[in-house]
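Computed from heavy atoms alone, side chains included, the values below leave out hydrogens, waters and symmetry copies. Lettering follows sequence order; numbering is per chain, from 1. Everything quoted here is computed from the prediction, not taken from an experiment.
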Number of protein chains: 2
Amino acid sequence: MDEGLRERKKRQTRRRIADMAMGLFMARGFDQVTVAEVARAADVSVNTVFNYFGTKEDLFLDRQEEVEDLQSRVVRERGKGESVVAAFRRDFMEAIEERDWRYGLNEGADVFGRLVGDSPSLLARFRELEHAQTQRLARTLAEESGAAPDDLTPSLVAAQILETTRLLSRHATARTLAGESWAEIVPQLRSQAEQAFDLLEKGISGYCVRV
Amino acid sequence: MDEGLRERKKRQTRRRIADMAMGLFMARGFDQVTVAEVARAADVSVNTVFNYFGTKEDLFLDRQEEVEDLQSRVVRERGKGESVVAAFRRDFMEAIEERDWRYGLNEGADVFGRLVGDSPSLLARFRELEHAQTQRLARTLAEESGAAPDDLTPSLVAAQILETTRLLSRHATARTLAGESWAEIVPQLRSQAEQAFDLLEKGISGYCVRV
DNA sequence: CTCCAAATTTGGTGTGACTGCAAGCTTGTA
DNA sequence: TACAAGCTTGCAGTCACACCAAATTTGGAG
């Protein structure tokens with residue numbers, strides 16, 4: 001009823017375009033692939049590609065948006081007596097062990113990062129997504145704490161937390177890209193993370209503790 | 001000797017292009033002005049515009065780069081016994097009183113911000129500049145503290161400090177753009193800044209204190 | 001099954017940023 | 001005064017992306 005032929009075909013087409021695009025990007029780099037090539041590979045017209053994806057960059061960063069929700073969930077599902085930073089600290093430390101993709105720690109995240117870094121336009125779009133994530137988290141924090149509309153604390157805290165996790169992840173993937181094995185990175189990453197979160201907590205550990 | 005006719009003319013042309021461009025942008029918005037129009041207004045060919053400015057965005061954000069140096073100077077010229085955050089706190093509080101342009105607090109910064117915010121491409125380039133500023137500050141901090149190459153603390157501190165000042169400035173200019181007078185904003189801004197820096201200091205006040 | 005209306009795809013056409021090249025003009029220098 | 005280096009320009013081309021009208025496909029009514 002809510003899954004007609006039409007809907008199915010649309011999702012198929014969308015996936016086919018995205019997959020073909022990703023394949024080409026991985027093989028030759030983002031800037032070296034034209035939208036026309038992607039269209040040809042997916043056997044659709046260029047216009048159809050732009051029907052599904054607003055920009056060429058969206059072809060690459062399609063799945064990245066769902067991260068927003070997962071981050072807000074970390075806040076909402078924190079335990080009693082646990083501060084927001086503490087929740088993120090716990091979540092991030094777990095993520096290290098599991099090579100969680102939410103923080104860009106998964107296998108292949110380095111190639112991903114390399115591709116992004118090699119394309120100015122892609123990098124720009126990626127930063128935009130990061131910014132959106134930060135704002136989303138800030139809004140969640142504002143709701144959770146019932147902050148006044150021009151209280152900047154939620155935005156400040158959101159920015160500091162996410163900037164911390166991003167720096168940690170980036171550093172780690174940069175090292176895998178430099179040839180180091182994940183096994184030898186993990187111990188250092190753990191201690192760097194502890195250190196980074198210590199830095200954070202001393203300042204904001206009292207913020208928004210759930211009763 | 002080092003200031004021939006050639007050099008002078010080049011600087012004149014560059015200024016003329018940048019000025020004409022800024023005028024058109026202010027009047028009609030960034031995206032509504034084509035490079036061809038800028039070229040015509042400055043009485044040069046389109047190619048010449050791209051000879052001086054790598055991208056259209058650089059026409060607008062030309063002077064923004066020198067902010068980098070000024071921020072590093074804040075660190076280097078801090079007093080004895082003064083931490084890095086303390087130095088920025090002092091500098092920013094002074095900047096509020098003087099409506100300093102380094103933090104985007106000057107008169108007209110709101111129009112500037114509006115223009116940037118209305119153009120996706122300009123916003124993207126602006127974020128790139130912010131990122132470069134952060135990295136620059138991080139490098140300065142690393143030098144000042146003699147940190148190990150894979151110590152993330154300098155980057156973390158740089159990001160947190162600059163993100164704080166940016167949020168404060170943005171909030172202030174957003175309010176002037178909303179019609180509020182600078183006089184009624186300043187008191188609130190002062191207290192917001194105190195609050196924001198308190199948040200920071202509790203975490204990083206002990207970092208890199210000059211002996 | 002048939003026909004219609006809505007959604008989707010497509011080709012065509014156009015704009016605007018940006019690149020590369022070769023020719024022309026200007027400036028510094030011998 | 002002539003030559004070389006540097007700057008400017010026109011021209012042609014690429015690519016992302018917008019707009020539009022025609023063609024195709026699909027869902028549903030009769």
It should be established whether [X] places a side-chain nitrogen or oxygen under 4.0 Å from OP1 or OP2 of nucleotide [N].
X       : N     : value
B:Tyr52 : D:dC7 : no
A:Thr48 : C:dT9 : no
B:Lys10 : D:dC7 : yes

Do A:Tyr103 and A:Asp91 meet the criterion of a side-chain donor-acceptor pair at a distance under 3.5 Å? yes
When you compare the side chains of B:Thr173 and B:Asp110, does any donor N or O come within less than 3.5 Å of an acceptor on the partner? no
Just how far, in rounded Å, is [atom2] of [N] from [atom1] of [X]?
X       : N      : atom1 : atom2 : value
B:Glu37 : C:dA17 : CD    : C1'   : 13 Å
A:Arg11 : C:dT8  : CZ    : C1'   : 17 Å
A:Arg40 : C:dT10 : CZ    : C1'   : 16 Å
A:Arg14 : C:dT9  : CZ    : C1'   : 16 Å
B:Phe30 : C:dG16 : CZ    : P     : 14 Å
B:Phe53 : C:dA17 : CZ    : P     : 15 Å
A:Asp43 : C:dT9  : CG    : P     : 13 Å
B:Glu7  : C:dG28 : CD    : P     : 8 Å

So for B:Asp31 and C:dG16, does any side-chain atom that can act as donor or acceptor lie under 3.5 Å from a complementary atom in the base?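 Looking at the base of C:dG16, it does not pair with any donor or acceptor on the side chain of B:Asp31 (distance under 3.5 Å).
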Can you find a donor-acceptor pair, distance only, under 3.5 Å between B:Asn51 side chain and D:dG6 base? no
Between B:Thr13 and A:Ala36, which residue's closest nucleotide on DNA chain D lies nearer the 5′ terminus? B:Thr13
Mapping A:Asn47 and A:Val33 onto DNA chain D by nearest heavy atom, which one lands closer to the 5' end?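 Here A:Val33 is the residue nearer the 5' end.
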How would you label the contact of B:Val44 with the nucleic acid (heavy atoms, under 4.0 Å): base, sugar-phosphate, or nothing?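 It contacts sugar-phosphate atoms only.
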Nearest of D:dA16, C:dC18, D:dC17 to any side-chain atom of B:Phe50? C:dC18
Looking only at side-chain atoms of A:Lys9, point me to the closest of D:dT25, C:dC21, C:dT10. D:dT25
Measure from NZ or CZ of [X] to the centre of the six-membered ring of [Y], then state whether that distance is under 6.0 Å and the direction lies within 45° of the axis.
X       : Y        : answer
B:Arg63 : B:Trp101 : yes
B:Arg14 : B:Phe53  : yes
A:Lys56 : A:Phe30  : yes

